[in-house]
Peer 1: 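I am attaching a structure below and will ask some questions about it afterwards.
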There are 2 protein chains.
Amino acid sequence: MRDVADAAGVGVMTVSRVINGAVGVRPSTAERVREAITRLGYQLNHAASTLRRRNHGSMVIALLVDDIANPFYAALAGAVEEEARGHGFTVLFGSAKEDRLRERELVAAFTAHRVDGLIAVPTDTEMWRDALTGVAVVFVDRPANGLPVDAVLVDGRTAAARGVRHLLEHGHSRIGYLGDLASIWTARQRLQGYRDAMGEAFDPELVRQGLRDAASAEQAAVELLGSARPPTALFAANDLITIGAVRAVAACGEGTAVVGFDDIVLADRLSPPLTVLAQDPVEIGTTAARLLFARLDGDDSPSREVLLPATLVVRGSGESRPG
Amino acid sequence: MRDVADAAGVGVMTVSRVINGAVGVRPSTAERVREAITRLGYQLNHAASTLRRRNHGSMVIALLVDDIANPFYAALAGAVEEEARGHGFTVLFGSAKEDRLRERELVAAFTAHRVDGLIAVPTDTEMWRDALTGVAVVFVDRPANGLPVDAVLVDGRTAAARGVRHLLEHGHSRIGYLGDLASIWTARQRLQGYRDAMGEAFDPELVRQGLRDAASAEQAAVELLGSARPPTALFAANDLITIGAVRAVAACGEGTAVVGFDDIVLADRLSPPLTVLAQDPVEIGTTAARLLFARLDGDDSPSREVLLPATLVVRGSGESRPG
DNA sequence: CTGAAAGCGCTAACAA
DNA sequence: TTGTTAGCGCTTTCAG
């Protein structure tokens with residue numbers, strides 16, 4: 001910056017002003033400075049400007065998801081990036097992979113980098129109590145749990161109940177449930193929805209939890225379908241589990257009805273086409289980012305909770321009758 | 001930091017040493033400092049330490065892809081993150097969306113943040129000539145084009161030719177080609193592979209390019225299938241295009257063979273199961289990150305180009321005969 | 001083993 | 001409209 005100032009025959013302050021959208025700099029001077037900048041290939045040092053700035057704002061937000069490789073979170077990340085871009089922010093990301101230590105490390109790294117905001121799928125809500133100083137936080141997919149934090153949630157309980165009822169209405173009474181770890185809030189919500197809908201017919205024998213990927217879901221489904229009194233329908237509580245369930249049904253449960261949570265690419269081209277409860281990751285991400293930037297723009301109203309729906313998309317796999 | 005030092009009754013320098021993996025600090029002193037750190041909830045300011053450090057290393061790398069929402073890039077991002085984590089680095093990301101201006105802005109933002117390294121799917125190779133100072137760069141999916149930069153590529157030409165030959169071997173001679181923008185290197189490579197395999201039988205009437213999403217690909221495929229002399233097989237040059245092709249074939253091209261570039265989730269459960277040329281995004285990402293960190297660790301050998309294969313996965317849609 | 005002083009590149013506050 | 005001075009929070013250097 002010193003070099004640029006010398007080259008343009010001005011003081012560093014003038015250069016700084018030009019870089020930061022010059023107000024009160026004579027156009028001719030500004031032009032000279034800009035010329036020197038390009039000629040010398042000068043690049044602002046963001047770390048230094050952040051350091052001295054009043055609010056220490058880094059113009060960076062962080063996105064903490066369970067796993068960026070999951071298409072659901074990837075779509076969410078795309079939406080967040082788009083919103084951030086509109087505000088001139090850059091985005092850091094990290095995948096906690098449902099590992100509390102890893103989550104802690106990522107949050108520590110993000111705060112060390114002095115991100116202005118944080119959009120997170122929290123695992124360890126307790127930990128967050130300490131992380132809430134000086135940074136705006138919006139939770140996604142898990143509730144604030146008493147913390148003064150905005151949250152964007154999907155009504156998985158209602159949606160799951162809706163999906164299970166859909167199966168009941170098509171004559172099924174033995175409906176298997178395939179779910180993720182019970183430690184995950186969304187997983188508990190969806191299981192609760194399943195119980196709501198099953199009512200008296202609820203049978204713990206038909207419930208399999210702790211399924212973290214398609215392979216383990218497939219195995220659990222195969223076991224369920226191979227049992228003495230197999231279910232005539234399966235409810236799969238997320239996208240990965242749905243993939244496993246579809247494979248299992250194809251392998252050894254011909255005719256078994258399936259309803260999955262989360263939409264899947266080409267779900268309409270499977271046979272039978274897959275009936276799902278579709279969440280909208282783009283809407284979730286956009287909403288979360290908007291809440292975050294509202295906070296960064298000074299909104300200090302009490303923390304809000306936005307509840308988004310998941311919609312039943314009827315395609316075929318959930319409408320076959322038992323037998 | 002001052003506060004921590006006072007609280008522990010030591011100088012700031014000692015605190016700094018403790019934070020940076022204390023060498024030469026008495027254990028008892030270190031313990032006292034650590035206690036003060038947790039008690040005061042102190043968090044290192046990364047911007048400040050970066051500023052004063054010898055190499056100005058920020059311990060951040062950036063990942064610039066076409067679109068993070070695309071599962072292919074999402075998987076790649078996951079692999080890059082994993083590798084970065086092993087080295088204690090955090091990852092910034094951005095999607096250029098095949099927009100040169102946007103790419104330029106993102107690179108400017110990344111360099112302003114003084115990232116130590118950059119993994120990028122470059123659009124505007126020229127622009128990169130200027131961006132190469134002080135930051136290690138690895139290209140993915142597009143060649144270095146004379147620039148002194150490592151690149152991780154997939155041999156799309158050979159793979160595409162292999163896929164098209166597969167169709168030829170199953171009796172097809174009129175094979176439609178559905179591709180992305182001709183401005184994209186991988187798209188040109190794949191088209192070239194198609195031409196290689198078609199040889200004399202190449203017919204420009206059967207080629208559709210510039211397809212940027214599943215919808216436009218579907219439309220192009222429908223047109224092709226509805227023409228006077230429709231193709232009996234389609235070669236779809238990426239995942240999004242394959243999705244469109246599958247839809248079009250289902251809608252109005254029953255029996256048309258399909259080979260797609262890129263694997264798709266549950267491709268094996270489509271009817272017919274989808275034959276594809278599968279790239280491995282995780283391997284691509286891991287390889288790129290390893291190259292980058294090798295550079296950051298001081299490797300200054302001449303720039304390398306790693307060529308990865310795409311493998312033909314035979315499942316059914318590419319083996320139906322014309323009829 | 002520990003601390004004091006200097007200064008990284010920039011912007012806030014003021015002075016000219 | 002422009003320049004000068006101070007100092008952001010940390011690490012380097014060097015002295016104890």
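All values reported here derive from a predicted model rather than from experimental measurement. Residue numbers begin at 1 in each chain, while the letters A, B, ... track the order of the sequences. Values below: all heavy atoms of this structure, side chains included; hydrogens, waters and symmetry mates excluded.
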Peer 1: Can you tell me if Thr14(B) touches the phosphate of dG3(C), counting only side-chain N or O atoms and a distance under 4.0 Å to OP1 or OP2?
Peer 2: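 For dG3(C), OP1/OP2 do have a side-chain N/O of Thr14(B) under 4.0 Å.
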Peer 1: Reckon Thr50(B) has a side-chain N or O less than 4.0 Å from the OP1 or OP2 of dC8(C)?
Peer 2: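 No, no such contact exists.
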Peer 1: How many Å lie between CZ on Arg114(B) and P on dC10(D), as a whole number?
Peer 2: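 So the CZ-P distance, Arg114(B) to dC10(D), works out to 20 Å.
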Peer 1: May I ask you to decide whether Asp150(A) forms a salt bridge with Arg290(A), counting only side-chain N to carboxylate O separations under 4.0 Å?
Peer 2: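 No salt bridge links Asp150(A) with Arg290(A).
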Peer 1: How would you label the contact of Val12(B) with the nucleic acid (heavy atoms, under 4.0 Å): base, sugar-phosphate, or nothing?
Peer 2: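 No contact at all - Val12(B) keeps every heavy atom at 4.0 Å or more from the nucleic acid.
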Peer 1: Could you tell me how far apart Leu44(A) (CG) and dG9(C) (C1') are, to the nearest whole angstrom?
Peer 2: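 Value for this atom pair: 9 Å.
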Peer 1: Taking only the side-chain heavy atoms of Tyr42(A) (C-beta and beyond), determine which of dC10(D), dC10(C), dT2(D) contains the nearest atom.
Peer 2: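 Ranking dC10(D), dC10(C), dT2(D) by closest atom to the Tyr42(A) side chain puts dC10(C) first.
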Peer 1: I'd like to know if Lys97(A) and Glu82(B) make a salt bridge, using a cut-off of under 4.0 Å between side-chain N and carboxylate O.
Peer 2: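 Yes, charged N to carboxylate O under 4.0 Å.
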Peer 1: Once you apply a heavy-atom cut-off of 4.0 Å, does Arg17(B) come out as touching a base, just sugar-phosphate, or nothing?
Peer 2: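 It contacts base atoms.
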Peer 1: How many Å lie between CG on Asn45(B) and C1' on dG9(C), as a whole number?
Peer 2: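 Nearest whole value for this atom pair: 14 Å.
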Peer 1: Just the rounded figure in Å: distance from P of dG9(D) to CG of Asp3(B).
Peer 2: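 Distance check: Asp3(B) CG to dG9(D) P gives 9 Å.
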Peer 1: What's the CG-C1' distance between Leu51(B) and dT11(C), to the nearest Å?
Peer 2: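 Rounded to the whole Å, the gap is 12 Å.
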Peer 1: So if I apply the salt bridge (Lys or Arg N to Asp or Glu O under 4.0 Å) rule between Asp124(B) and each of Arg104(B), Arg102(B), Arg129(B), Arg142(B), which one comes out positive?
Peer 2: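 Running salt bridge (Lys or Arg N to Asp or Glu O under 4.0 Å) over Arg104(B), Arg102(B), Arg129(B), Arg142(B) with Asp124(B) returns exactly one hit, Arg104(B).
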Peer 1: Send over the distance from Arg53(B) CZ to dG9(D) C1', rounded to a whole Å.
Peer 2: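 Computing the Arg53(B):CZ to dG9(D):C1' distance gives 12 Å.
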Peer 1: Taking OP1 and OP2 of dG9(C), is either one under 4.0 Å from a side-chain nitrogen or oxygen of Ser49(A)?
Peer 2: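 Answer is no, no contact under 4.0 Å.
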Peer 1: Is any side-chain N or O of Asn20(A) closer than 4.0 Å to OP1 or OP2 of dT11(C)?
Peer 2: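 It does, given that an N or O in the side chain of Asn20(A) lies less than 4.0 Å from OP1 or OP2 of dT11(C).
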Peer 1: Are Arg34(B) and Glu31(B) ion-paired here, with the side-chain N under 4.0 Å from a carboxylate O?
Peer 2: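 The answer is yes: the pair qualifies as a salt bridge.
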Peer 1: Roughly how many Å is it from CE in Met59(A) to C1' in dT11(C), rounded to a whole number?
Peer 2: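 That distance rounds to 15 Å.
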Peer 1: Let me know the distance between CE of Met1(A) and P of dG3(D), rounded to the nearest Å.
Peer 2: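 Answer to the nearest Å: 11 Å.
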Peer 1: Within the side chain of Glu81(B), is there an N or O that forms a donor-acceptor pair under 3.5 Å with the backbone of Ser95(A)?
Peer 2: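 Yes, the answer is positive, given that a donor and an acceptor are paired below the 3.5 Å cut-off.
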Peer 1: Starting at the 5' end of DNA chain C, which residue's closest nucleotide do you reach first, Met13(A) or Ala47(A)?
Peer 2: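 Checking each residue's closest nucleotide, the 5'-ward one belongs to Ala47(A).
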